[in-house]
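For the single chain, residues carry numbers from 1 onward in sequence order. Read the numbers this way: they start at 1 and go in the same order the structure lists the ligands and their atoms.
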Amino acid sequence: MAAPRTEGAEEMLSGSEPGAAPYGNFPNYSRFHPPEGRVRLLPPALLRRLFPAGPSPLLGLDVGCNSGELSVALYRHLLGLQENEASPDQPVVGKILNLLCCDIDAALIERAERCSPFPGSISYATLDVMDAGARELFLSSYLSRFSRSTFDIGFCMSVTMWIHLNHGDDGLVEFLTYLSSRCNYLLIEPQPWKCYRAAARRLRKLGRNDFDHFRSLAINGDMAERVTQILTEDGAMELVCCFGSTSWDRSLLLFKSNRLTQKQL
Ligand code: SAH
């Protein structure tokens with residue numbers, strides 16, 4: 001008997017226009033894939049545990065932030081701020097976090113900026129993270145403002161599939177390798193393989209071609225496992241823990257750079 005299907009955002013969005021969202025840049029993404037389902041899996045004291053003596057401010061990078069709903073929810077959750085609390089002046093966890101969020105879609109970034117409750121601590125930028133020159137220029141110059149060369153923590157939530165479909169196996173490996181070189185900790189929520197099939201199916205229904213790379217992807221199957229292999233096989237990172245699966249069957253994986261000597265969870 002077939003296992004019951006748990007619908008993910010990319011599957012539920014089948015009524016929308018995928019041609020207009022070839023990067024997963026759906027304008028109403030968080031309605032289908034609510035931030036709460038993910039942040040509640042993360043221990044509220046995570047930042048204290050990862051950075052007991054931490055640098056200050058902590059620097060975070062959210063890659064593929066869409067219109068920022070998850071970025072704000074992560075920020076609130078990790079700093080222990082209540083839903084309607086607008087001031088990060090006295091963060092419960094005693095940490096200051098500067099979060100840089102980027103997305104390829106300028107309209108989504110414009111909306112994120114307009115709606116941001118924390119303009120002083122969360123910044124947004126339009127950036128194609130697969131444009132090596134642009135990302136290096138932009139991220140290095142952001143980090144250099146703090147005299148740093150790496151982010152303390154990176155977030156890559158429901159983005160790997162879009163990078164993989166649009167840039168192939170080599171693109172996915174290059175992307176993850178880059179993140180591992182720039183982030184001391186990395187939280188990743190990879191889309192499972194069934195989402196790839198659903199994304200390709202949606203495109204076919206509209207009479208469009210498959211994503212360029214879909215049929216030739218040799219990296220496939222258990223995507224949480226594959227992403228873990230890529231990040232750990234050359235010893236760049238190690239898997240710290242898996243925070244369990246969301247109701248739509250996605251794991252939240254936390255990796256730590258082996259450049260670090262900080263205490264493990
Ligand atoms: N992280 C958010 C949104 C995920 S949707 C969440 O989990 O709720 C995937 C996002 O990745 C989209 O907004 C899309 O525009 C962005 N994205 C895809 N490819 C990208 C690229 N090359 N550079 C930057 N952002 C990208």
Side-chain angles (χ1 to χ4, degrees), residues 8-13 16-42 60-77 99-113 115-116 122 124-139 142 153-168 170-179 182 186-192 195-196 198-199 202 211-213 223 227 243 245-253:
E10 284 82 359
E11 288 156 313
M12 293 166 78
L13 284 159
S16 59
E17 172 59 67
Y23 307 105
N25 46 333
F26 299 103
N28 49 359
Y29 190 84
S30 64
R31 276 194 12 230
F32 297 92
H33 200 175
E36 298 71 34
R38 287 162 296 160
V39 295
R40 70 177 171 75
L41 296 174
L42 302 174
L61 172 68
D62 184 11
V63 175
C65 64
N66 200 265
S67 45
E69 282 86 354
L70 179 63
S71 323
V72 170
L74 280 168
Y75 181 85
R76 282 190 198 284
H77 183 80
L99 192 55
L100 174 63
C101 309
C102 61
D103 201 282
I104 197 170
D105 186 317
L108 291 172
I109 289 296
E110 197 269 321
R111 203 167 92 205
E113 276 173 333
C115 304
S116 177
I122 307 185
Y124 294 97
T126 304
L127 176 71
D128 176 358
V129 287
M130 297 308 286
D131 179 337
R135 94 185 156 200
E136 194 46 39
L137 203 64
F138 182 72
L139 298 182
Y142 179 86
I153 186 161
F155 302 97
C156 178
M157 312 291 281
S158 291
V159 176
T160 46
M161 175 181 82
W162 301 108
I163 300 292
H164 202 183
L165 285 172
N166 286 306
H167 299 272
D170 290 348
L172 179 68
V173 171
E174 196 270 335
F175 171 65
L176 293 174
T177 304
Y178 180 75
L179 288 185
R182 278 296 191 192
L186 185 56
L187 185 73
I188 302 205
E189 180 192 39
Q191 286 101 331
C195 292
Y196 285 61
R202 269 200 317 272
F211 284 100
D212 286 352
H213 297 278
M223 289 311 297
V227 164
F243 290 114
S245 290
T246 60
S247 57
W248 47 86
D249 199 19
R250 296 190 193 176
S251 322
L252 288 192
L253 306 169

Check your understanding: Looking at D128, which atoms of ligand 1 are within less than 4.0 Å of one of its heavy atoms?
Key -> 21 (C), 22 (N), 23 (N)
Practice item. Determine whether I109 and C65 make a side-chain contact, defined as any pair of heavy atoms from C-beta on separated by less than 4.5 Å. Key: yes
Exercise for review: Just jot down the ligand 1 atoms closer than 4.0 angstrom to any heavy atom of N66, in number order.
Suggested key: 3 (C), 12 (C), 13 (O)
Exercise for review: Please confirm whether I104 comes within less than 3.5 Å of ligand 1 when only nitrogen or oxygen atoms on both sides are compared.
Suggested key: yes
Check your understanding: Name the one of L74, I122, L61 that satisfies side chain to side chain contact (heavy atoms under 4.5 Å, CB included) with C101?
Key -> I122
Review point. Which of the listed options, L127, I163, N25, holds the heavy atom that is closest to atom 19 (N) of ligand 1?
Key: I163
**Study point:** N/O donor-acceptor pair under 3.5 Å between R182 side chain and G154 backbone
**Key:** no
Study note, to complete from the structure: The option among M157, H33, R38 carrying the non-hydrogen atom nearest to atom 8 (O) of ligand 1 is R38
Revision key, fill the gap. With sequence neighbours left out, the residues meeting side-chain contact (heavy atoms from CB on, under 4.5 Å) with S67 are E69, L108, R111
**Study point:** Non-hydrogen atoms of L252 and R38 that approach each other most closely
**Key:** CD1-O, 3.5 Å
**Study point:** Aromatic plane relationship, F26 with Y29 - under 30° parallel, 30 to 60° tilted, over 60° perpendicular
**Key:** parallel
Review point. Under the salt bridge (Lys or Arg N to Asp or Glu O under 4.0 Å) test, which residues partner E36, sequence neighbours left out?
Key: none
Review point. Which atoms of ligand 1 are found less than 4.0 Å from any heavy atom of G24?
Key: 5 (S), 9 (C), 12 (C), 13 (O), 14 (C)
Revision key, fill the gap. Atom 3 (C) of ligand 1: of G64, A21, S158, the nearest heavy atom sits on G64
Exercise for review: Would you tell me which option among F155, W162, Y29, Y23 has the nearest heavy-atom contact to atom 17 (N) of ligand 1?
Suggested key: Y23
**Study point:** Polar atom proximity, V129 to ligand 1 (N or O, under 3.5 Å)
**Key:** yes
Check your understanding: Does any non-hydrogen side-chain atom of Y178 lie less than 4.5 Å from one of V63?
Key -> no
Practice item. Provide the number and element of each atom of ligand 1 under 4.0 Å from a heavy atom of M130. Key: 22 (N)
Practice item. Considering the heavy atoms of L70, write down every atom of ligand 1 situated less than 4.0 Å from one of them. Key: 6 (C), 7 (O), 8 (O)
